[in-house]
Amino acid sequence: MADQTVKPGAGPFLTALRSSDTYKALLVNPWTYVTGAVVLALLNAALLSSTGKAWGVTTSFAYWGAWVWQAVGGDPKSWLYFNEIKPAFQKLTFFTDAGTIIDLGVIIGALLATLLAGQFKVKAVKSNRQIVAAILGGLLMGFGARLAFGCNIGSLFSAIPSMSLHGWIFMPFMFVGAFVGSKMLVKYFM
Amino acid sequence: MAQMNLDCLGEACPVPLIRTQKALTDLAVGDVLVVEIDHSCAMKNIPEWCGKEGHNFEIEEVEDGQWEIVIEKTH
């Protein structure tokens, strides 16, 4: 195995830090599934108790889209969805929506994690098929998340521990979707 | 004893693992497959699968965020 600890330009302190076992265990090597699950559960409990809402991701994506539409002259505030399903949207802005801040935190946190692990890399797009798969997958996931009023975070990870029955209904259909999606991936995009 | 390279750079899970599994079925026992990856979760699931199947493997970090998994087919 190549020596991963020596980086050009790194001083003796950084080199020593990067090669320490604690640093590697915490920031370089992947955590076990159990560690990840426990940390996520504690963070979600903290989020619920501090903001009154369990973790969700995609509702804010719908807001982002609506704000873009508003910026180009649309009137999403008149939509039924933002009056009857998500009336909170009427008063929120990009910086006052807790979900938006959390989503930004996820992106910045992921960047930070990959930088600290020394694994940051700008990746080239390999083929046009990859672009088609990404756009198609994104559209299906986004559309599905709105139809289901949540993604695998809000409607599964946050729903089931909240003793909400909808999480248990969401779960088997999520597996059906993942099964069909994997088959399509292997058949058309590999 | 042949050696084959599998370029999985720029590909996300589970594509590198599935391509590795396919590529190994075409190789003979003792052949070596070098899988190039730049997706860190492939660095977890490919070695995990090799370990389960009993193939020998070694991971090399080529540069930041890019690895080669060298797999020897054992059966």
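Each chain gets a letter, A, B and so on, in the order the sequences are listed, and its residues count up from 1. We use all heavy atoms of the structure for the numbers below, so side chains are in, but hydrogens, waters and symmetry mates are not. Please read these numbers as outputs of a predicted model, since none were measured by experiment.
- The 12-atom threshold is exceeded at OH of A/Tyr81, counting heavy atoms of other residues, nucleotides or ligands nearer than 6.0 Å.
- Proximity to chain A (any heavy atom under 4.5 Å) is shown, for B/Glu11, by both the backbone and the side chain.
- Note on B/Ile59: it clusters hydrophobically with B/Ile46, by side-chain heavy-atom contacts below 4.5 Å among ILVMFWY residues.
- When the side chains of ILVMFWY residues are joined at heavy-atom separations under 4.5 Å, either directly or via intervening members, A/Ile85 and A/Trp64 end up in a single hydrophobic cluster.
- Ionic pairing of A/Lys121 and B/Asp64 is not present here: no N-O contact between side-chain nitrogen and carboxylate oxygen is shorter than 4.0 angstrom.
- Inter-residue side-chain proximity for B/Pro14 and A/Val186 is flagged as unmet; no heavy-atom pair is nearer than 4.5 Å.
- Atom CG of B/Leu9 and atom NZ of A/Lys126 lie 6.0 Å apart (nearest 0.5 Å).
- In the hydrophobic clustering of ILVMFWY residues, with side-chain heavy atoms under 4.5 Å counting as a link, A/Leu27 and A/Leu17 come out together.
- Counting only heavy atoms from C-beta outward, the side chains of B/Asp38 and A/Gln119 never approach each other to under 4.5 Å.
- Within the 4.5 Å cutoff, the side chain of A/Asn29 has no heavy atoms near those of the B/Met43 side chain.
- Within a 6.0 Å radius of CE in A/Met141, no more than 12 heavy atoms belonging to other residues, nucleotides or ligands are found.
- Considering CH2 of A/Trp31 and NZ of B/Lys44, their distance stands at 12.5 Å, rounded to 0.5 Å.
- The environment of A/Asp21 atom CG is sparse: at most 12 non-hydrogen atoms of other residues, nucleotides or ligands sit within 6.0 angstrom.
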